[in-house]
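Model, not experiment: these values are computed from the prediction.
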Amino acid sequence: MAGFYSGKEGELIIDGEKAARVRSWSFNMNQSVLETVSLEDTDRNIIHGIRSYTGSASIYYYQDVAGGGSGKLSTLINKIIKPSETAQGNDATAVEAQTVNFRLRIKDGSASGRFIEFQAIVTSVSMTSTVGEVTAADLSFECQGAPSAVSL
């Protein structure tokens, strides 16, 4: 496809399945640097340091059929928001949220499109329900390690 890409070409794939209705997604990479200078140096010398990746997404919360849940968004939210489990006779214990596999993709006319794929820990979820608007869930995430696949 020749020309510019717009938001309508963007897709969010969660654990191998396309998230149903995505309003937007973003991805950020930060590269720190380390100085490699000694006392007699007069100019700053730097090398690559630690990289970090963060991002966010806004997904419409809807269901394909009555009582059917909201597909991958429901699965994602259930991986993140965990109720405590009460052992027999013991106090409630917290259950850890799970790491999620994300693929942020831009449809470009090819089979795989342009994408970046990574494991992430969701750091925040905010669901909003407003009269006259579609219910949406906004989430932020931080990547676990380097991306597993990149084709940009």
Side-chain angles (χ1 to χ4, degrees), residues 1-36 44-86 92-152:
M1 165 185 332
F4 296 100
Y5 298 109
S6 72
K8 70 179 184 177
E9 277 84 47
E11 292 181 328
L12 171 63
I13 299 165
I14 303 169
D15 288 339
E17 292 183 39
K18 181 179 165 188
R21 300 284 189 258
V22 178
R23 180 168 45 190
S24 64
W25 57 255
S26 68
F27 183 79
N28 308 301
M29 182 277 230
N30 292 302
Q31 171 75 62
S32 66
V33 295
L34 303 171
E35 289 190 16
T36 60
R44 183 174 182 228
N45 294 307
I46 58 174
I47 61 171
H48 295 281
I50 301 294
R51 295 179 300 185
S52 65
Y53 306 91
T54 61
S56 63
S58 182
I59 306 170
Y60 291 121
Y61 197 80
Y62 86 107
Q63 58 188 14
D64 290 324
V65 294
S70 188
K72 286 309 277 183
L73 180 57
S74 291
T75 302
L76 175 65
I77 290 173
N78 290 333
K79 281 185 162 189
I80 300 161
I81 301 173
K82 295 283 195 179
S84 62
E85 292 182 348
T86 306
T93 56
V95 178
E96 288 186 24
Q98 299 174 9
T99 302
V100 179
N101 185 55
F102 285 104
R103 179 179 278 223
L104 304 176
R105 185 175 106 133
I106 299 170
K107 296 183 285 185
D108 66 354
S110 67
S112 62
R114 299 177 183 277
F115 65 89
I116 185 162
E117 187 170 345
F118 52 88
Q119 293 287 316
I121 295 173
V122 176
T123 56
S124 72
V125 173
S126 173
M127 292 183 69
T128 306
S129 181
T130 305
V131 173
E133 294 185 20
V134 176
T135 300
D138 298 317
L139 56 103
S140 297
F141 54 83
E142 292 193 29
C143 298
Q144 173 69 24
S148 56
V150 177
S151 176
L152 296 173

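Between the side chains of S58 and S24, no donor-acceptor pair is found at a separation under 3.5 Å.
Closest heavy-atom contact between H48 and L34: O-CD1, 4.2 Å. Residues Y60 and R23 come closest through the heavy atom pair OH-CD, 3.4 Å. Closest approach of R114 to L152, counting heavy atoms only: NH1-O, 2.8 Å. The minimum heavy-atom distance linking T99 with A120 is given by the pair CG2-O, 3.3 Å. What you find for W25 and E11 is that their closest heavy atoms are NE1-O, 3.1 Å. When all heavy atoms are compared, the tightest approach of R105 to G113 is NH1-N, 4.1 Å.
With contacts defined as side-chain heavy-atom distances shorter than 4.5 Å, the pair R44/V33 qualifies. Looking at heavy atoms from C-beta onward, D138 lies out of side-chain contact with V125 at the 4.5 angstrom threshold. At a threshold of 4.5 Å between non-hydrogen side-chain atoms, the residues T54 and E142 count as touching. Between D108 and E9, the closest side-chain pair of non-hydrogen atoms is not below 4.5 Å. In this structure, F102 and C143 have side chains that are not in contact, with every pair of non-hydrogen atoms separated by 4.5 Å or more.
Every residue two or more places apart in sequence or in another chain that forms a side chain to side chain contact (heavy atoms under 4.5 Å, CB included) with S151 is listed here: F115.
Atom CG of L12 is separated from atom NZ of K18 by 10.5 Å, given to the nearest 0.5 angstrom. Distance check, rounded to the nearest 0.5 Å: CD1 of I121 to OG of S140 gives 13.5 Å. In this structure, M127 CE and L139 CG are separated by 10.5 Å, a value rounded to the nearest 0.5 Å.
Checked by atom type and distance alone, the side chain of Q31 pairs as donor or acceptor with a backbone atom of G49 at under 3.5 Å. Side-chain N or O atoms of S32 include one that pairs as donor or acceptor with a backbone N or O of I50 at under 3.5 Å.
Ring to ring, F118 and F141 are close: their centroids are under 6.0 angstrom apart.
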